[in-house]
Amino acid sequence: MPPTPPEREEIIDASRPPLPELQSRTEPPPPSPPPSETTAARQERQERTAQKTDPCAGRYIYIHDLPRRFNADLVRNCRSLSEWTDMCKHVANGGMGPRLTRKGGVLPSTSWYDTNQFTLEVIFHNRMRQYGCLTPDASRAAAVYVPYYAGLDVGRHLWGSFGNAARDALADRSYPNLLVAPLKNK
């Protein structure tokens, strides 16, 4: 028998042997464990569950109880709000002003008011008081409303010989009211 050529003497398999778990795979692999739930996903799931039992869950609003000088007293002293306009008729009716009566023309017969552009704070505060998901507990609130009528306040001091100290006096006094519980951690 002739000698075997050197290139055929020994064939060396340089490839790696197959991994043991892949060699005898006759059944499907076990399902991978579910991905761990993220904190945000868990909170969202809990909120959905809570909303099924509490229609206001995630929608509660806390109205901070400020002293009257920051809102009601400004409305009560309505003659001092503007140098040129008697604001008393505009802050009436929850800030909507008097109802306009139809005298012909383009206005419909109902739901029109003589509303002043600067009474939005009064309107919003009155609407917030009627909101169905108010809470007396600030820790449950998704939002906090601070009923300070800053626009009406500053309007009293924009014209004339008032300095910054007079203009900002009420606003400066509102700040300490926000540092007290229950708003401290919000």
What do the steps show when you test L81 against V75 for side chain to side chain contact (heavy atoms under 4.5 Å, CB included), and what is the final call? CA-CA 8 Å; L81 295 177; V75 172; 5.9 Å; no
Those residues that, when tested against Y145, pass side chain to side chain donor-acceptor pair (under 3.5 Å) (two or more places apart): none
With ring centroids as reference points, do Y149 and H125 lie under 6.0 angstrom apart? yes
ILVMFWY cluster, Y62 and V146 together (side-chain gap under 4.5 Å): yes
What pairs with N93 under side-chain contact (heavy atoms from CB on, under 4.5 Å), at least two apart in sequence or on another chain? M96, Y113
Gap between atom CG of N116 and atom OG1 of T85 - 0.5 Å precision: 7.0 Å
Would you please name every residue forming a side-chain contact (heavy atoms from CB on, under 4.5 Å) with R76, sequence neighbours left out? R68, D73
Take D54 and R140, measure what side chain to side chain contact (heavy atoms under 4.5 Å, CB included) needs, and give me the verdict at the end. CA-CA 12 Å; D54 182 1; R140 294 185 68 195; 3.4 Å; yes
Mind listing the closest non-hydrogen atom pair of G58 and A142 along with its distance? O-CB, 3.4 Å
With salt bridge (charged side-chain N to carboxylate O under 4.0 Å, His left out) as the rule and sequence neighbours excluded, what pairs involving residues 114-135 come up? K89-D114
Please report the closest heavy-atom contact between C56 and G132, naming both atoms and the distance. SG-O, 3.9 Å
Sequence neighbours excluded, which residues qualify as salt bridge (Lys or Arg N to Asp or Glu O under 4.0 Å) partners of D137? none
Report the residues that fulfil side-chain contact (heavy atoms from CB on, under 4.5 Å) with L134, sequence neighbours left out, ordered by chain and then residue number. I61, I63, Y131
Taking all non-hydrogen atoms of both residues, which atom of G95 and which atom of T115 are closest, and how far apart? O-CG2, 3.8 Å
Under the side chain to side chain contact (heavy atoms under 4.5 Å, CB included) rule, what do Y148 and D153 come out as? Steps first, then yes or no, please. CA-CA 9 Å; Y148 167 40; D153 175 34; 2.5 Å; yes
If you group Ile, Leu, Val, Met, Phe, Trp and Tyr by side-chain heavy-atom gaps below 4.5 Å, do I123 and L74 land in one group? no
Looking only at heavy atoms, which two atoms of T135 and A141 are closest? And how far apart? CG2-CB, 4.1 Å
Heavy-atom side-chain contact between R79 and C88 under 4.5 Å: yes
Could you state the interatomic distance from SG (C78) to CG (D86), rounded to the nearest 0.5 Å? 6.0 Å
